[in-house]
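Labels below follow one simple rule: chain letters A, B, ... track the order of the sequence lines, proteins then strands, and each chain is numbered from 1. Only a predicted model underlies this, so the values are computations on that prediction, with no experimental measurement involved.
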Number of protein chains: 2
Amino acid sequence: MKACGTERLKTKAEFRRAADVFKALSNPSRVMIVNALADGEHCVAELTALVQLDISTVSNHLSVLRSVGIVTDERRGTQVFYTLRKPCLMNLFCCLDDFHSNEK
Amino acid sequence: MKACGTERLKTKAEFRRAADVFKALSNPSRVMIVNALADGEHCVAELTALVQLDISTVSNHLSVLRSVGIVTDERRGTQVFYTLRKPCLMNLFCCLDDFHSNEK
DNA sequence: ATGATACTTTGCCATTTTGCCAAATATGTC
DNA sequence: GACATATTTGGCAAAATGGCAAAGTATCAT
């Protein structure tokens with residue numbers, strides 16, 4: 001377990017990889033999904049109801065999140081349940097709260 | 001001081017705002033810049049040397065970061081120094097480290 | 001094996017965004 | 001005024017985006 005803030009990125013690949021993770025989070029629907037998963041797993045149908053888009057669209061959003069390791073999926077019967085892989089992601093959201101009070 | 005992970009986003013505007021912050025971080029050069037600023041302030045020329053792009057390009061990257069509140073600038077003489085506004089951003093980077101060990 | 005349910009993948013699309021530079025424009029110093 | 005530093009603007013080709021519909025896949029029940 002590393003102490004936070006002590007490690008820095010170094011290689012070009014690391015910068016790109018970090019950027020990719022952020023890019024996966026750069027869409028409101030995907031943020032909404034991640035936010036929902038913070039409370040526990042949800043199946044695709046539930047998430048579809050949440051974001052109010054076509055299920056194929058939601059599935060695509062989920063695959064974006066999965067491709068960078070933000071979520072995992074687990075099939076149970078005909079349903080597929082998605083889970084947040086990293087609790088730390090929520091600290092990150094918490095951190096964002098502070099950004100609201102920005103003028104300038 | 002709120003406990004992390006207890007607050008959730010709610011409104012459409014909040015989701016969009018969070019997404020915008022992530023989008024600002026979705027570029028390798030900008031991640032590189034933020035990473036550098038974690039060690040302390042730097043002027044534009046220094047950051048330009050770091051990322052090896054035209055100074056106008058770097059200035060644009062900085063304005064993206066500034067527009068979402070990630071950095072602040074302070075003019076001193078002819079130079080402009082940039083600073084990370086939120087230390088919590090580095091925890092966020094730390095969190096990303098764990099993502100490296102992803103297969104699937 | 002037929003059908004139903006739940007999800008994924010693919011193809012397609014118009015539109016938007018990106019990332020970069022060069023040139024022009026501040027802004028401050030000497 | 002000349003110089004140094006940084007920002008803004010305009011332009012551009014290329015890439016990414018976000019959405020849906022249709023077709024495909026997997027699992028279960030009858």
Side-chain angles (χ1 to χ4, degrees), chain A residues 12-13 15-37 41-84 104, chain B residues 12-13 15-37 41-84 104:
Chain A
K12 228 172 157 73
F15 292 124
R16 219 193 31 240
R17 167 129 191 85
D20 284 344
V21 174
F22 290 127
K23 179 176 288 183
L25 291 167
S26 72
N27 171 278
S29 298
R30 288 198 291 270
V31 171
M32 202 169 171
I33 288 171
V34 169
N35 193 62
L37 294 179
E41 62 172 21
H42 286 289
C43 70
V44 180
E46 289 167 340
L47 296 171
T48 299
L50 178 72
V51 302
Q52 308 249 63
L53 293 172
D54 194 274
I55 189 173
S56 70
T57 303
V58 173
S59 188
N60 277 317
H61 279 315
L62 287 167
S63 91
V64 170
L65 293 172
R66 193 180 43 221
S67 74
V68 298
I70 293 176
V71 301
T72 343
D73 59 331
E74 185 193 335
R75 170 152 234 143
R76 289 209 291 281
T78 74
Q79 291 169 292
V80 178
F81 290 86
Y82 280 82
T83 320
L84 258 198
K104 171 184 179 95
Chain B
K12 231 173 154 71
F15 292 125
R16 219 195 30 242
R17 167 128 190 85
D20 284 345
V21 174
F22 290 127
K23 179 175 287 184
L25 292 166
S26 71
N27 171 280
S29 297
R30 288 196 292 268
V31 170
M32 202 169 169
I33 288 171
V34 169
N35 193 61
L37 294 180
E41 63 172 20
H42 286 289
C43 70
V44 181
E46 287 166 341
L47 296 171
T48 298
L50 177 71
V51 303
Q52 307 248 61
L53 292 173
D54 194 275
I55 190 173
S56 70
T57 302
V58 174
S59 187
N60 278 316
H61 279 315
L62 287 168
S63 91
V64 170
L65 293 172
R66 193 180 41 220
S67 73
V68 298
I70 292 176
V71 300
T72 343
D73 58 331
E74 185 194 334
R75 169 153 234 144
R76 290 210 290 281
T78 74
Q79 290 170 292
V80 177
F81 289 87
Y82 280 82
T83 321
L84 257 198
K104 170 185 180 99

Expressed as a whole number of angstroms, how long is the span from [X]:[atom1] to [N]:[atom2]?
| X | N | atom1 | atom2 | value |
| --- | --- | --- | --- | --- |
| B/I55 | D/dT7 | CD1 | C1' | 9 Å |
| B/L65 | D/dA6 | CG | C1' | 16 Å |
| B/L62 | D/dA6 | CG | P | 10 Å |
| A/L47 | C/dT8 | CG | P | 10 Å |
| B/E46 | D/dT5 | CD | P | 11 Å |
| B/D73 | C/dT27 | CG | P | 13 Å |
| A/D54 | C/dT9 | CG | P | 15 Å |
| B/I33 | C/dG19 | CD1 | P | 11 Å |

Minimum-distance pair of heavy atoms, taken over all atoms of A/T78 and A/R75: O-NH2, 3.5 Å

Nearest atoms (heavy-atom pairs only) where B/A19 meets A/P28: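 Minimum heavy-atom contact is CB-N, 3.6 Å.
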
Sequence-aligned protein contact record of nucleotides 10-17 of chain D, with B where the base is within under 4.0 Å of a protein heavy atom and S where only the sugar-phosphate is: -------S

Contact list (N/O, under 3.5 angstrom) for nucleotides 24-26 of chain C vs protein:
none

Report yes if the side chains of [X] and [Y] come closer than 4.5 Å at any heavy-atom pair, otherwise no.
| X | Y | answer |
| --- | --- | --- |
| B/E74 | B/T83 | no |
| A/H61 | A/M32 | no |
| A/L84 | A/V71 | yes |
| A/R30 | A/V34 | no |
| A/V68 | A/L25 | no |
| A/V51 | A/V58 | yes |

Side chain of A/S59 - closest among C/dT8, C/dC21, D/dA6: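 The closest nucleotide is C/dT8.
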
Proximity to DNA chain C (any heavy atom under 4.0 Å), residues of residues 77-84 of chain B only: B/G77, B/T78

Short side-chain to backbone donor-acceptor contact, B/N35 and B/V31, under 3.5 Å: no

Under 3.5 Å: donor-acceptor pair, side chain of A/S26, backbone of A/K23: yes

Any B/H61 side-chain nitrogen or oxygen under 4.0 Å from OP1 or OP2 of C/dT18: no

Distance below 4.0 Å between A/T57 side-chain N/O and D/dG18 OP1 or OP2: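 Answer is no, no contact under 4.0 Å.
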
Touch class at under 4.0 angstrom, heavy-atom based, for A/L53 against every strand present: sugar-phosphate

With A/Y82, the side chain to side chain contact (heavy atoms under 4.5 Å, CB included) member among A/I70, A/V44, A/T72: A/V44

